[in-house]
Amino acid sequence: MEKEWKRVDLITPDAGFFRSPATRLAPALIGCLLRRVTPEGIISGVIVETEAYTSDDPASHSFGGETSRNWPMFRGGGLAYVYLIYGIHNCFNVTSGVPGSGEAVLVRALEPCRGTGLMMDNRGLREPELLCSGPGRLCQAMGIDRSMNGSSLLHGELQVLLPSGTERPPISVSGRIGISRARELQRRFVLSGSRWISGRR
DNA sequence: CCGAGGATCATCT
DNA sequence: GATGATCCTCGGT
């Protein structure tokens, strides 16, 4: 039996979903669906790992104010912020907060849901192992690149959908991964017990 | 203009 | 555990 999903609606009580602060949106995104509509078919995965970044956070791209790179973080919640890291990998964020706040949530891992074959093709893999377990890996699997930077996630080819139910999944909190500053902040959120999160096993 | 370093990953020892 | 790949942003001059 397949789970049901609903669009974030601008005129219902979901209106404030993306406008909430990153520290609240990051756990709220756990269990949501990230979906891309491609000419070849639909690709989707359930978000199982996120990190929150805010403008008062030395580890955040927005810490020094708005720049030509981080501008989507300053345009309010519900946009894609995609940037290149180490010259090779893309990282995908969901912007959050109100315009000017400089906040985003890094999506670090997905549990593959639909279009697994397409994702494996994109990654050059023959097994779903490590398919979307890491920010670079999930972008490669989903076909997310910087051409989608700044695009709306409410409608369009890349979307975030909410679970139709109201039950909250169990979430574990920890320090963030791969940063040198503000390691102590507890701003990494994972779906408890998920085997799809990033990092070593 | 220049140089350092980065919200990573695959591969090697 | 260590390393190389590879590019762009951003701060300093």
Side-chain angles (χ1 to χ4, degrees), chain A residues 18 21-30 32 34 45 47-75 77 79-97 101-112 119-151 153 158 160 171-191 194-201:
Chain A
F18 291 118
T23 48
R24 284 219 295 279
L25 181 64
L29 283 172
I30 300 295
C32 291
L34 179 64
I47 297 172
V48 297
E49 180 179 354
T50 60
E51 288 178 356
Y53 289 89
T54 59
S55 60
D56 60 353
D57 166 13
S60 173
H61 289 175
S62 59
F63 184 62
E66 183 175 339
T67 66
S68 58
R69 175 171 69 160
N70 66 21
W71 64 265
M73 297 180 76
F74 291 85
R75 292 294 180 280
L79 304 180
Y81 169 43
V82 186
Y83 67 91
L84 184 69
I85 187 71
Y86 296 111
I88 298 193
H89 306 287
N90 291 298
C91 289
F92 167 73
N93 295 251
V94 178
T95 68
S96 66
S101 60
E103 302 182 15
V105 176
L106 174 69
V107 178
R108 290 192 55 91
L110 308 174
E111 175 177 342
M119 288 195 264
M120 290 191 292
D121 288 347
N122 289 341
R123 293 259 299 127
L125 301 177
R126 303 217 47 182
E127 299 178 359
E129 186 79 9
L130 299 180
L131 188 54
C132 299
S133 300
R137 290 167 178 154
L138 78 87
C139 282
Q140 187 180 33
M142 296 284 294
I144 296 172
D145 61 32
R146 283 169 297 160
S147 71
M148 297 164 196
N149 190 42
S151 65
L153 299 170
L158 193 59
V160 171
I171 293 173
S172 304
V173 187
S174 69
R176 295 169 294 183
I177 292 181
I179 56 170
S180 52
R181 288 169 289 186
R183 310 259 320 239
E184 73 284 1
L185 293 180
Q186 301 294 290
R187 294 189 173 185
R188 174 172 174 258
F189 305 87
V190 305
L191 178 63
S194 173
R195 80 176 186 88
W196 298 101
I197 64 176
S198 68
R200 306 256 163 180
R201 48 171 306 107

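Residue numbers begin at 1 in each chain, while the letters A, B, ... track the order of the sequences.
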| So what stems show up for DNA chain B if we need 3 or more Watson-Crick or G-U pairs in a row, all under 3.5 Å? |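 Listed by first number, the stems are B:1-6 with C:7-12, B:8-12 with C:1-5.
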Could you check whether A/Arg176 pairs with A/Asp57 (Lys NZ or Arg NE/NH1/NH2 to Asp/Glu carboxylate O, under 4.0 Å)? yes
Using a strict 4.0 Å threshold on nitrogen-to-oxygen distance, state whether A/Glu66 and A/Arg75 make a salt bridge.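 A salt bridge is present here (some side-chain N lies under 4.0 Å from a carboxylate O).
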(message) Would A/Arg181 and A/Phe63 count as a cation-pi pair here, with the cationic atom under 6.0 angstrom from the ring centre and within 45° of the axis?
(response) no
Answer yes or no: side-chain N or O of A/Tyr86 and base N or O of C/dA5 forming a donor-acceptor pair under 3.5 Å.
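It does not, because no donor-acceptor pair links the side chain of A/Tyr86 to the base of C/dA5 below 3.5 Å.
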### Task
Check side chain to side chain donor-acceptor pair (under 3.5 Å) between A/Ser68 and all other residues, then give those that pass, not counting sequence neighbours.
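A/Ser68: no side chain to side chain donor-acceptor pair (under 3.5 Å) contacts found.
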Please identify each residue that fulfils ring pair (Phe, Tyr, Trp, His ring centres under 6.0 Å) with A/Tyr83, with sequence neighbours left out.
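A/His61, A/Tyr81.
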Q) How about A/Leu34 and A/Leu158: do any of their side-chain heavy atoms sit closer than 4.5 Å? A)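 Sidechains of A/Leu158 and A/Leu34: in contact.
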field: salt bridge (Lys or Arg N to Asp or Glu O under 4.0 Å) partners of A/Arg137, counting only residues at least two apart
entry: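 For A/Arg137 there are no salt bridge (Lys or Arg N to Asp or Glu O under 4.0 Å) partners, ignoring immediate neighbours.
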List in chain and number order the residues that pass salt bridge (Lys or Arg N to Asp or Glu O under 4.0 Å) with A/Arg123, two or more places apart in sequence or in another chain; answer none if no residue qualifies.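 Residues passing salt bridge (Lys or Arg N to Asp or Glu O under 4.0 Å) with A/Arg123: none at all.
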task = Report the residue (A/Arg146 or A/Ile88) whose heavy-atom-nearest nucleotide on DNA chain C is the more 5′ of the two.
result =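 The residue closer to the strand's 5' end, by nearest nucleotide, is A/Ile88.
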Open item on the list: With a cut-off of less than 4.0 Å, is there a side-chain N or O of A/Arg181 near OP1 or OP2 of B/dG6?
Closed with: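 No, because none of the side-chain N or O atoms of A/Arg181 sits under 4.0 Å from OP1 or OP2 of B/dG6.
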Requested in this report: Would you say whether A/Tyr53 stacks on B/dA7? The test is a distance between ring centres of less than 5.5 Å and an angle between planes of less than 30°.
Outcome: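 The ring of A/Tyr53 is stacked on B/dA7.
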**OP:** For DNA chain C, determine which residues of residues 58-70 of chain A have any heavy atom closer than 4.0 angstrom to one of its atoms, and list them numerically.
**Re:**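 Correct list: A/Thr67, A/Ser68, A/Arg69.
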Query raised in the report: What does A/Arg183 touch in the nucleic acid at a heavy-atom separation under 4.0 angstrom: a base, only the sugar-phosphate, or nothing?
Result: nothing
Q) Under 4.0 angstrom, heavy atoms only, what part of the nucleic acid is A/Arg188 near: base, sugar-phosphate, or nothing? A)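 Answer is nothing: A/Arg188 stays at 4.0 Å or more from every strand.
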Testing B/dA10, B/dA7, C/dC7 for proximity to the side chain of A/Asn93, the answer is B/dA7
Testing B/dG6, B/dC9, B/dA7 for proximity to the side chain of A/Ser180, the answer is B/dG6
